[in-house]
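Working notes, structure below.
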Protein chains: 4
Amino acid sequence: MQRPDEKKRQKITATAAKLFATRPFHEVRLDDVAAAAQVGKGTLYIYFKSKEDLYRSLIHDGVMQIMEQLSQSITNDLSPGDALEKTIRLMVTFAYAHPYLFELMRAIDSFKGRESLLPARRQLIGFIEQVLRRGADQQSWTDPHPQLTAVFIPGLIRSAILYGPKDIKEKALADQILRLFRHGLQKETFR
Amino acid sequence: MQRPDEKKRQKITATAAKLFATRPFHEVRLDDVAAAAQVGKGTLYIYFKSKEDLYRSLIHDGVMQIMEQLSQSITNDLSPGDALEKTIRLMVTFAYAHPYLFELMRAIDSFKGRESLLPARRQLIGFIEQVLRRGADQQSWTDPHPQLTAVFIPGLIRSAILYGPKDIKEKALADQILRLFRHGLQKETFR
Amino acid sequence: MQRPDEKKRQKITATAAKLFATRPFHEVRLDDVAAAAQVGKGTLYIYFKSKEDLYRSLIHDGVMQIMEQLSQSITNDLSPGDALEKTIRLMVTFAYAHPYLFELMRAIDSFKGRESLLPARRQLIGFIEQVLRRGADQQSWTDPHPQLTAVFIPGLIRSAILYGPKDIKEKALADQILRLFRHGLQKETFR
Amino acid sequence: MQRPDEKKRQKITATAAKLFATRPFHEVRLDDVAAAAQVGKGTLYIYFKSKEDLYRSLIHDGVMQIMEQLSQSITNDLSPGDALEKTIRLMVTFAYAHPYLFELMRAIDSFKGRESLLPARRQLIGFIEQVLRRGADQQSWTDPHPQLTAVFIPGLIRSAILYGPKDIKEKALADQILRLFRHGLQKETFR
DNA sequence: CATGAATGAGGCTTCATTCAT
DNA sequence: TATGAATGAAGCCTCATTCAT
C-alpha cells in the first residue's frame with residue numbers, strides 16, 4: 001500500500017471516512033471530500049480509481065486492520081472461552097476507536113458487484129466462526145449454528161454503536177455482549 | 001373520474017421496496033421503479049413527494065406494521081418469557097415475510113433529517129425495551145442494560161438476514177436468538 | 001365568442017389575467033389557474049386549446065376591447081387634436097380599468113409564432129397612426145414619423161403603469177402624456 | 001491549470017443575450033445556450049448559479065453599462081438641455097449597440113423576487129430623474145412629474161425598438177424623442 | 001360539459017471524471 | 001505529483017395535456 005505520499009493518502013482516507021459515515025454514499029460529493037481533506041479534486045484520482053474505490057478502500061482497510069489485530073491476539077493456545085472474550089473485547093475496542101467503520105459497513109454489500117467487496121468481511125466472519133467452532137469442538141459450549149452466531153457478533157456491535165444509548169461505555173458494551181453469550185438473560189442463580 | 005388509489009400506492013410501494021432492497025439508494029432509478037410498477041413516472045409524484053420520501057415511506061410503513069402486530073400480540077397477561085419469545089418469533093417471521101425491510105433499513109439513518117425518521121424505529125425499540133424491563137422487574141431474568149439489549153434484537157435479525165448463511169430457516173433463526181437470550185452458549189459447565 | 005358557458009369562460013379569463021400579470025408565463029401553472037378559477041384542470045381545455053392559447057386570448061380580448069372603444073369614440077368629425085386627446089385619455093382610462101393588460105403584453109411578441117399574435121396590436125397601432133396622420137395632414141401638427149409616434153403612446157402608458165410612481169392618478173398620467181404631445185417640456189411661455 | 005476566465009463568462013453572456021432576446025425565457029434551453037457559446041452545459045453553472053441568475057445577470061450588466069456611460073458623460077457643467085439631449089442620444093445609441101437589452105428587459109420585472117433586480121433599473125430611472133429635475137429647477141423647462149417623465153424615456157426607446165418601424169434609424173429615433181420633449185407635436189399654431 | 005388522476009416528454013441541474021497547466 | 005476548470009451523461013422532477021369516469 002505504498003503510494004506516492006502515504007501521509008496524503010491517509011488524510012484523504014480519514015476525511016472520507018468521516019463524511020461517508022455522516023451521510024449516505026450518494027450525498028457525499030468528491031468536491032466535499034477534496035475540500036475537507038485540503039487537496040485538489042484531481043488529487044483524489046491519483047490515490048483512488050473512483051468514488052466507489054475510495055469508499056471500498058475505507059471499509060477494506062478498516063476490516064483488514066481488525067483482522068490483523070485479531071490474528072495477532074487470538075492464538076490457539078488460548079482457551080475457547082478466552083478466545084471468544086478477547087475477540088469480542090477487541091472488536092468492541094476497535095469499534096470505539098474507529099467510530100465510523102461500523103457505520104460505513106452500512107451499505108457496503110449493496111453495490112453492483114456485491115461479490116467483489118465481501119472478501120474482507122467474509123474473512124472476518126470466517127475468523128470469528130473458527131473461534132466459535134473451536135469452542136464447540138472442544139465442548140466448551142454448544143452452538144448448532146456457529147456461522148450464524150459469527151455474524152451476530154458484528155451485528156450486535158453495530159446495532160449498539162448506531163442505535164444504542166449514547167452514553168454506553170466500551171466496557172459495558174463488551175460486558176453485555178459477553179454476558180449474553182455466556183448465559184443469556186437467565187438469572188444469576190443459573191450460573 | 002378516478003380517485004387516488006390506495007391499491008396503486010401499494011403497488012408502487014411493493015415494487016420500490018424490491019428495488020431499493022436490491023441496490024443502494026443512489027442506484028435505484030425512479031424510471032425503473034415506475035416501469036416496474038407499471039405506472040407513469042409522474043404518477044410516483046402523486047403518491048410521494050420525492051425519491052427520498054418514497055424510500056422513507058417504505059421503512060416507515062414496514063416498521064409501523066411490525067409495531068402493530070407486536071402491540072396486538074404482546075399483551076400484559078403473557079409471562080415475560082412468553083412475551084420475549086413471541087416478540088422475537090414475530091419479528092423473525094416478519095423479517096422472512098418482508099425480506100426487504102431489514103435490508104432497507106440499511107441506510108435509513110444516514111439521511112439528512114436523521115431525526116425525522118427515527119420515531120418509528122424508536123417506538124419499536126421502546127416497545128422491545130418494555131418487554132425486557134417487565135422481565136427484569138418480575139425477576140424472570142437479569143439485564144443491566146435493557147435499552148441496549150433492545151437494540152440487539154433487530155440487530156441480530158438484520159445481521160442474520162443480510163449476512164447469515166443463505167439457507168438458514170426462519171425457525172432456526174428464531175430458535176438461535178432465543179437460545180442466546182435464554183442461556184447464551186453455555187453447556188451446563190460453560191466456563 | 002359564444003361558448004358553452006360564457007360565465008365560466010370569463011371567470012377563467014379574469015383569473016388567468018391576474019396570474020399571468022403577476023408572474024412570467026413559465027411560472028404560471030395551469031394547476032394554479034384552474035384552482036384559482038375554481039374549475040377542474042380539464043375544464044380549461046374545453047375553453048382554450050392550450051396554455052399559450054389561453055394567454056393569447058387574454059391579450060387579444062383586451063386589445064380588441066380597446067379597439068372597439070376607440071372606433072366608437074374616435075370619429076372623423078372630431079378635430080385631430082380632440083381625436084388625439086380622446087385616444088390618449090381613453091387608453092389611459094382603459095389601462096387603469098384593466099391593470100393587467102399592459103403588463104400582459106410584456107412578452108406577447110416573443111412567442112415562436114411571433115407573427116401570429118401581432119394582428120391585434122398592429123390594428124391598434126394602425127388606428128393610432130391614422131389619428132396622428134390626420135393631424136399632420138390637416139396641418140394641426142407636424143410629425144415626420146407618425147408610425148413611430150403611434151408606438152410611443154402605448155409605450156408611455158405601459159412604462160408609467162409598470163414603473164411609474166405608484167400614486168400617480170389616471171388624470172395626471174393622461175395630462176402628462178398630453179402635455180408632452182402638445183408642447184413637450186418647454187416653458188409655458190411657448191404656448 | 002486554468003483560472004476562471006472572464007472571457008468565457010462574456011462569451012456566455014453575449015450568446016445568452018442573443019437567445020433570450022429572440023425567444024421568451026421559458027423557450028430558451030440552456031442546452032442551446034451552452035452549444036451556442038461553445039461550452040459544456042456544466043460550464044454555465046460555474047459562472048452562473050441558475051438559468052434565472054444568468055438571465056438576471058444579462059439585464060443587470062446591461063443596465064449597469066448604460067449607467068456608467070451616463071455618469072461619465074452627463075456632468076453638471078452641461079446645461080440641462082444639453083444634459084437631456086445627451087442622455088437621450090446616449091441611451092438610444094446604446095439601444096442600437098445592444099439591440100438585445102431592451103428586448104430582454106421585457107419580462108424582467110415579473111420574476112418572483114421582483115424587488116431583487118429593480119435596483120439597477122431604479123438607479124437608471126433615478127439618474128434620468130435628476131437630469132429632469134435640474135432642468136425644472138433651473139427653469140429650463142416645466143415638468144410637474146419628473147419621476148413620471150423619467151420612466152417615459154426608456155419606455156419610448158423600448159417601444160420604438162420593439163414595435164416601431166423596422167427601418168427607423170438611430171438618429172431619427174433620438175431626434176423624434178428629442179422633438180417630443182422639446183416641443184411636442186406642435187407647430188407654431190398647434191391647437 | 002366537468003373533472004382530476006395519470007402520463008411522459010423534456011428541462012434544469014448535479015457531479016464523477018478528465019486533462020491542460 | 002497536484003490542481004480545479006471544464007465537461008456531459010444522466011437523474012430527478014415538473015407540468016402541459018389527455019382521457020376515463
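In what follows, chains carry the letters A, B, and so on, assigned in the order in which the sequence lines appear, proteins first and then strands, with residues in each chain numbered from 1.
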Could you run through nucleotides 11-16 of chain E and give me one letter per nucleotide, 5' to 3': B if any protein heavy atom sits under 4.0 Å from the base, S if only the sugar-phosphate is that close, - if neither? SSBBSS
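I161(B) pairs by the side chain to side chain contact (heavy atoms under 4.5 Å, CB included) definition with A95(B), Y96(B), I157(B), not counting sequence neighbours. Applying the salt bridge (Lys or Arg N to Asp or Glu O under 4.0 Å) rule to D5(D) yields no partners; only residues at least two apart in sequence or on another chain are considered. Applying the side chain to side chain contact (heavy atoms under 4.5 Å, CB included) test to Q65(D) and every residue at least two apart in sequence or in another chain returns F94(D), H98(D). L30(B) is linked by a side chain to side chain contact (heavy atoms under 4.5 Å, CB included) to V33(B), L44(B), Y45(B), K51(B), L54(B), counting only residues two or more places apart in sequence or in another chain. By the side-chain hydrogen bond (donor to acceptor under 3.5 Å, both in side chains) test, R29(A) pairs with D32(A), sequence neighbours left out.
Taking 4.5 Å as the limit, every side-chain heavy atom of R56(C) sits out of range of all side-chain heavy atoms of S50(C).
For residues 36-47 of chain D, every residue pair satisfying the salt bridge (charged side-chain N to carboxylate O under 4.0 Å, His left out) rule, not counting sequence neighbours, is listed here: D31(D)-K41(D). Listed by first then second residue, pairs satisfying side-chain hydrogen bond (donor to acceptor under 3.5 Å, both in side chains) with a partner in residues 11-21 of chain B read K11(B)-Q38(B), not counting sequence neighbours.
Taking both residues in full, the closest heavy atoms of Y55(C) and L104(C) are given as OH-O, 2.6 Å, listed atom of the first, atom of the second, then distance.
Note: NZ (K7(C)) to C1' (dA2(E)) measures 18 Å, nearest angstrom. The NZ-P distance, from K11(D) to dA6(F), rounds to 12 Å in whole Å. Computed from coordinates, the Y47(C) OH to dT17(F) P distance equals 18 Å when rounded to whole Å. Remark: P of dA20(E) and NZ of K8(D) are 13 Å apart, rounded to the nearest angstrom. Per the geometry, CG belonging to D53(C) stands 14 Å off C1' belonging to dT17(F), to the nearest Å.
Helical stems involving DNA chain F, defined as 3 or more consecutive Watson-Crick or G-U pairs under 3.5 Å, span E:2-21 with F:2-21.
Checking I46(B) against L44(C), the closest nucleotide of DNA chain E that is more toward the 5' end is the one next to L44(C). The 5' end of DNA chain F is approached more closely, in terms of each residue's nearest nucleotide, by Q38(A) than by the other of Q38(A) and Q38(D).
Among the atoms of the strands shown, none is found under 4.0 Å from any heavy atom of F48(B).
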